[in-house]
Amino acid sequence: MLQLSLMNHLPVFPDFVQIDVSHKQSLRAIADNLPPYSDFNFVSMFTWDIDDSLELTTLNENMVVRFGDYSSGESFLSLLGTNDVVDTIDTLFDYCRQHGLKPELKLVGEAVIDSLSDEDRMSYIIEEDRDNHDYILSAVNMSDLAKLHPKKRTKHNRFLTEYGDKSMSKELDLGLESTTQEIRQLMAEWKLARGRDDSDTVREFTAINRCLDYASDLDVLGYGIYVDDKLVAFTLFEIINGDSAMLHFGKADISLKGSNEYLQHHLAKHLKGLGVEHMNNEQDLGIEGLRKSKQSSLPVHFLKKYTITVA
């Protein structure tokens, strides 16, 4: 049972509230009892809510979220929690019918599905959503060059050969304006090198800037690679429950071949030193290139998600 003081920060269904920083502890109190699904991670929800459309409520002490589809922007409901799940699902389906939403729940974690009995599952159509499975990486494996994907190891070694004597890796102090300026400069250079325009990058860059602006409130950390005292790669992440990390954002100078692989390896070594065992590298959204890249990190398992509709 959640502490009443935490629950009081969130409305009770059917009332919703727009997400803000004050909800951090309440949401984490729910999410920390279940696997770290990226969609229900507070930092992910808060930073990506760039159009102020994400809304929250609680139902049977479960978290209910009104999301906008990552691709279409269409509103849908999801839930995280294992309390009175059948009643929660049916109540949300009734709400969808009454408010012009398709009666379906997306991004529902496997832990929620597992809480349903075989008989309960017969009442619904439950479909695996491969495009939104979270990739879980091993910090131990990623920190060991011998266990990297051969192509990643080759790229890492190329960077080491060309820039190793001029490079430095370290945790970034996101409280320094000079550090956030370095990150934003690298973002601008990455955008130019990739030939992207504002329409291609506005959502992601707005989310990254929001993450930087609220880094202290969000408990976000940074790690970076420097070459000749210039930031050439960075990752923004957070430590969850002491032994896991959520990888939120990152960029690397694509003109320095292997910079991203070098960053991933050294970040894993850094996280391993902090006691982190697993890293959540989030989903690939069904994007072919992104899927190929994430698969090359050799995930040890997935946090699976499902869509539930009426049978």
Review point. Taking C-beta and beyond as the side chain, do L231 and I225 meet within less than 4.5 Å on heavy atoms?
Key: no
Check your understanding: When H133 is tested against each of E128, E110, Q283 for side chain to side chain donor-acceptor pair (under 3.5 Å), which residue passes?
Key -> E128
Exercise for review: Specify the closest pair of heavy atoms between V276 and A139, including all atoms of both residues, with the distance to one decimal.
Suggested key: O-CB, 3.4 Å
**Study point:** From L174 atom CG to D219 atom CG, the distance as rounded to the nearest 0.5 Å
**Key:** 11.5 Å
Practice item. Inspect the contact between R130 and D284 and indicate whether a charged nitrogen and a carboxylate oxygen are less than 4.0 angstrom apart. Key: yes
Review point. Any chance the side chains of T88 and N60 put a donor and an acceptor closer than 3.5 Å?
Key: yes
Review point. Is the side chain of N241 donor-acceptor paired with the backbone N or O of D243 at a distance under 3.5 Å, no angle test?
Key: no
Exercise for review: Give a yes or no on whether L263 and I208 share a hydrophobic cluster (residues Ile, Leu, Val, Met, Phe, Trp, Tyr; joining criterion: side-chain heavy atoms under 4.5 Å apart).
Suggested key: no
**Study point:** N260 side chain to A233 backbone, donor-acceptor under 3.5 Å
**Key:** no
Point to revise | Heavy-atom closest contact (T82 atom, L34 atom, distance) | key: CG2-CD2, 4.0 Å
Review point. To the nearest 0.5 Å, how far apart are OG in S22 and CG in L10?
Key: 8.5 Å
Practice item. Sequence neighbours left out, what passes side-chain hydrogen bond (donor to acceptor under 3.5 Å, both in side chains) with Q295? Give chain and number order. Key: none
Practice item. Give, for atom CZ of R184 and atom NZ of K251, the distance between the pair rounded to the nearest 0.5 Å. Key: 14.5 Å
Check your understanding: Parallel, tilted or perpendicular: which describes the rings of H266 and Y262, with under 30° parallel and over 60° perpendicular?
Key -> tilted
Review point. Would D134 and N281 count as having a side-chain donor-acceptor pair, cut-off 3.5 Å?
Key: no
Exercise for review: State, yes or no, whether a side-chain contact exists between I125 and I308 at a heavy-atom distance under 4.5 Å.
Suggested key: no
Practice item. For the residue pair S296 and K152, establish whether any side-chain heavy-atom pair is separated by less than 4.5 Å. Key: yes
Review point. Does anything in residues 232-251 pair up under ring pair (Phe, Tyr, Trp, His ring centres under 6.0 Å), and if so which pairs, sequence neighbours excluded?
Key: W48-F249
Point to revise | L79/I89 under side chain to side chain contact (heavy atoms under 4.5 Å, CB included): CA gap, chis, key distance, verdict | key: CA-CA 8 Å; L79 78 127; I89 292 173; 4.3 Å; yes
Check your understanding: Do the ring centers of F13 and Y95 come within less than 6.0 Å of each other?
Key -> yes
Point to revise | Nearest heavy atoms of V43 and L218, plus distance in Å | key: CG2-O, 3.7 Å
**Study point:** Donor-acceptor pair, side chain of S259 and main chain of A252, under 3.5 angstrom
**Key:** no
Check your understanding: When you check the gap from the basic side-chain N to the acidic O, do E189 and K230 get nearer than 4.0 Å?
Key -> yes
**Study point:** Close side-chain approach of I183 to L236, heavy-atom, < 4.5 Å
**Key:** yes
Point to revise | Salt-bridge contact D39-K305 (side-chain N to carboxylate O under 4.0 Å) | key: yes
Revision key, fill the gap. Nearest heavy-atom approach of C96 to L77 is SG-CD1, 3.8 Å
Practice item. Considering non-hydrogen atoms only, spot the tightest contact between G286 and R291 and give its length. Key: CA-NH2, 3.8 Å
Practice item. Decide whether F93 and V85 are clustered together by the hydrophobic rule: side chain heavy atoms of Ile, Leu, Val, Met, Phe, Trp, Tyr closer than 4.5 Å, transitively. Key: yes
Review point. M279 and L290: same hydrophobic cluster, using ILVMFWY side-chain contacts below 4.5 Å?
Key: no
Practice item. Say whether E277 and S244, considering side chains only, have a donor N or O and an acceptor N or O under 3.5 Å apart. Key: no
Point to revise | Under 3.5 Å: donor-acceptor pair, side chain of N62, backbone of L59 | key: yes
**Study point:** H265 side chain vs M142 backbone, donor-acceptor pair below 3.5 Å
**Key:** yes
Check your understanding: Mind checking whether F205 and W190 have parallel, tilted or perpendicular rings, split at 30° and 60°?
Key -> tilted
Review point. Does S167 reach the side chain of F159, with side-chain heavy atoms less than 4.5 Å apart?
Key: yes
Exercise for review: Any chance you could measure L271, atom CG, to L221, atom CG, to the nearest 0.5 Å?
Suggested key: 9.0 Å
**Study point:** CD on E177 to CG on L212, rounded to 0.5 Å
**Key:** 11.5 Å
Review point. Is M246 close to P36 at the side-chain level, that is, under 4.5 Å between some pair of heavy atoms?
Key: yes
Review point. Taking atom types as modelled and ignoring hydrogens, do the side chains of S169 and Y223 form a donor-acceptor contact shorter than 3.5 angstrom?
Key: yes
Point to revise | Polar side chain donor-acceptor pair, N141 to D144, under 3.5 angstrom | key: no
Review point. To the nearest 0.5 Å, what is the distance between CG (L172) and OG1 (T180)?
Key: 10.5 Å
Point to revise | More than 12 heavy atoms of other groups within 6.0 Å of Y214 OH | key: no
Review point. Any Lys/Arg nitrogen of E288 or K292 sitting under 4.0 Å from an Asp/Glu carboxylate oxygen of the other?
Key: no
Point to revise | Under 3.5 Å donor-acceptor, N157 side chain and R153 backbone | key: yes
Check your understanding: Between the side chain of S78 and the main-chain N/O of L105, is any donor-acceptor distance below 3.5 Å?
Key -> no
Exercise for review: Would you confirm whether K24, through its side chain, and D217, through its main-chain N or O, come within 3.5 Å as a donor-acceptor pair?
Suggested key: yes
Practice item. Determine, for D213 against R210, whether the closest basic-nitrogen to carboxylate-oxygen distance falls under 4.0 angstrom. Key: no
Point to revise | Worked verdict on T206 versus N209 for side chain to side chain donor-acceptor pair (under 3.5 Å) | key: CA-CA 5 Å; T206 300; N209 283 319; 5.8 Å; no
Review point. What about Y124 and Y306, are their ring centers closer than 6.0 Å?
Key: no
Point to revise | K191/E204 salt bridge by N-O under 4.0 Å criterion | key: no
Revision key, fill the gap. Between I30 and L80 the two heavy atoms that sit nearest each other are CG2-O, 3.9 Å
Check your understanding: Between the main-chain N or O of K151 and the side-chain N or O of H149, is there a donor-acceptor pair closer than 3.5 Å?
Key -> yes
Practice item. For D197 and D200, indicate whether the former's side chain and the latter's backbone hold a donor-acceptor pair under 3.5 Å. Key: yes
Review point. Can I126 and I113 be said to form a side chain to side chain contact (heavy atoms under 4.5 Å, CB included), step by step?
Key: CA-CA 8 Å; I126 301 173; I113 303 300; 3.9 Å; yes
Point to revise | Heavy-atom side-chain proximity of Y135 to N280 below 4.5 angstrom | key: no
Point to revise | Side chain proximity check, L285 to D131, heavy atoms < 4.5 angstrom | key: no
Practice item. Please lay out, stage by stage, how Q181 and Q185 fare under the test side chain to side chain donor-acceptor pair (under 3.5 Å). Key: CA-CA 6 Å; Q181 288 178 342; Q185 178 62 31; over 6 Å; no
Check your understanding: Between R66 and E55, is there a salt bridge with N-O shorter than 4.0 Å?
Key -> yes
Review point. Are R28 and E238 within salt-bridge range, i.e. N to O under 4.0 Å?
Key: yes
Check your understanding: What do you reckon, is CG of D52 surrounded by more than 12 foreign heavy atoms closer than 6.0 Å?
Key -> yes
Review point. So, are K106 and E104 salt-bridged, with charged N and O less than 4.0 Å apart?
Key: yes
